[in-house]
Amino acid sequence: MTQELPVDLQQLDAQDALKHKRAEFVVPDDIVYLDGNSLGCLPKSVPARLARAAQQEWGEHLIRSWTRNAGTQDWMTLPDRVAAKIARLIGANANEVAVGDSTSLNTFKALAAAMHLAGERRVLLTDTENFPTDLYMAQGLNKLLGHTWEIRTCQNTDIAAHLTPEVGAVLFTEVDYRTGRKLDMKALTAMARELGILTVWDLAHSAGAFPVDLNGCGADFAVGCGYKYLNGGPGAPAFLFVAGRHLNSAKPGDAAPVFLSGWMGHADPFQMARTYSPAPGARRYVVGTPQVLSLSALDEALNVFADVDMSVLRQKSLSLTDTFISLMEPLVQKHPLTLVTPLNHAERGSQVSYRHPDAQHVMKKLIERGIIGDFRTPDILRFGFTPLYHSFADVGRAAQGIRAVLDGQP
Ligand SMILES: *Cc1c(COP(=O)(O)O)cnc(C)c1O
């Protein structure tokens with residue numbers, strides 16, 4: 001039984017400026033996939049690229065691929081070419097972005113640099129509810145530093161009040177992975193800079209989800225994932241942003257604040273020099289041998305963004321989440337569901353979350369029915385929306401499936 005919908009989904013689909021992009025992805029039609037914020041869908045051009053990387057580049061050219069077609073297709077500069085594509089999406093210059101390793105490792109690199117630059121102001125402020133890996137990396141780094149730092153936490157709704165002069169650096173995630181609440185990165189960064197506090201932003205749920213303007217905000221460092229909204233595939237390499245002003249240490253003779261100083265971030269790796277001397281730009285934050293196969297997939301996947309106006313993408317994202325929230329409204333009246341994602345557009349990422357006392361069981365039932373979202377402890381139902389491949393009809397199907405599960409229909 002189909003209940004009359006409060007919005008005309010067909011009309012919204014007809015007006016969708018990004019509807020042609022869905023054809024560039026493999027989107028299984030037997031499910032509604034609301035988990036592009038955990039693992040983005042496969043762009044159709046990626047398998048051929050992976051085959052080429054394996055068969056020709058690896059199989060035939062072998063080690064010559066490191067320098068073959070120097071600068072245009074060679075493996076050596078692949079991280080830099082991927083960095084340039086990501087830079088456009090996050091408001092950075094290409095030489096301020098390094099690609100490789102995981103988000104966790106890049107968080108370590110960024111934090112180590114920020115904590116070094118912070119000098120004697122040894123308080124690191126972070127979010128009580130931050131994503132676990134962010135907290136764990138900060139704890140591990142503090143252990144390495146002999147517990148000489150205080151790791152202070154606050155709710156992400158109350159950051160401004162905690163930006164005080166003894167804080168040296170902050171580590172925050174722009175969009176809360178549970179609630180979908182988006183922070184005012186521009187205002188918070190400006191406040192931090194005013195007090196001489198260095199900012200490290202985790203863009204795991206931002207990059208590729210809406211326009212990000214790191215340099216416009218004056219951010220110092222940022223990290224983010226390649227496999228979420230950037231669709232680079234499971235375990236895709238992550239990125240690290242370092243503002244140009246921090247690439248070189250102020251002290252002459254003291255190399256840039258790079259602590260995982262690996263040979264692939266050296267100015268001339270094959271010089272085999274005894275001491276580390278950093279490569280130009282953020283390339284110095286590339287540590288070891290680039291993960292060529294997964295970088296190839298990410299490089300190819302990023303091409304789907306080439307003709308996308310990120311402000312149009314943001315409009316669609318908000319329209320998708322608005323539509324979902326309005327279709328869910330009758331269910332919120334009837335069931336113990338509480339919307340935890342802000343209604344205010346400026347405070348919303350590209351996901352919608354509800355609390356439900358039996359969230360884990362509800363999500364299990366939803367997944368059995370082909371409505372793929374996430375359960376997040378302790379009681380969150382999380383639904384991610386990816387404007388490049390979602391239609392408004394998907395939103396309608398999702399709401400119908402959720403209603404069926406909550407109403408206990410077979
Ligand atoms: C997904 C996510 C990560 C993932 O880190 P990995 O090292 O890629 O596992 C980090 N931070 C946040 C906020 C995330 O949502």
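As the structure lists them, so they are numbered: ligands from 1, and atoms in each ligand from 1. In this chain, numbering begins with 1 at the start of the sequence shown. Atom set for the values below is all heavy atoms of this structure, side chains included, hydrogens, waters and symmetry mates excluded.
Side-chain contact check for S317 and S350: at least one donor-acceptor pair (N or O, by modelled atom type) lies under 3.5 Å. No hydrogens or angles considered: nothing links the side chains of H205 and D176 as a donor-acceptor pair under 3.5 Å.
Ionic pairing of D322 and R348 is present here: one or more N-O contacts between side-chain nitrogen and carboxylate oxygen are shorter than 4.0 angstrom.
Scanning all protein heavy atoms for the shortest distance to atom 11 (N) of ligand 1 gives D202 OD2, 2.8 Å. The closest protein non-hydrogen atom to atom 8 (O) of ligand 1 is Y227 OH, 2.7 Å. Nearest non-hydrogen protein atom to atom 5 (O) of ligand 1 is T103 CB, 3.5 Å.
Using a 4.0 Å cut-off between heavy atoms, S104 contacts ligand 1 through both its backbone and its side chain. Here T173 has side-chain heavy atoms under 4.0 Å from ligand 1, and that is the only part of it that gets that close. When heavy-atom distances to ligand 1 are checked against a 4.0 Å cut-off, D134 comes that close only through its side chain, counted from C-beta outward.
The neighbour count for E194 CD, taken as heavy atoms of other residues, nucleotides or ligands under 6.0 Å away, does not exceed 12. The environment of NZ in K19 is crowded: more than 12 heavy-atom neighbours from other residues, nucleotides or ligands sit within 6.0 Å.
In summary, the atoms of ligand 1 found under 4.0 Å from a heavy atom of A204, numbered by their order in the structure, are 2 (C), 12 (C), 13 (C), 14 (C), 15 (O). Near S102, meaning under 4.0 Å from one of its heavy atoms, ligand 1 places the atoms 7 (O).
Some N or O of K228 is nearer than 3.5 Å to an N or O of ligand 1, by distance alone. Inclusion of T133 in the set of residues having an N or O under 3.5 Å from an N or O of ligand 1 is not warranted.
K316 places no side-chain N or O within 3.5 Å of a backbone atom of A17 that could act as its donor or acceptor partner.
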With side chain to side chain contact (heavy atoms under 4.5 Å, CB included) as the criterion, how do S353 and T179 come out once you've worked through the C-alpha distance, each side chain's angles and the decisive distance to 0.1 Å? CA-CA 6 Å; S353 301; T179 63; 5.5 Å; no
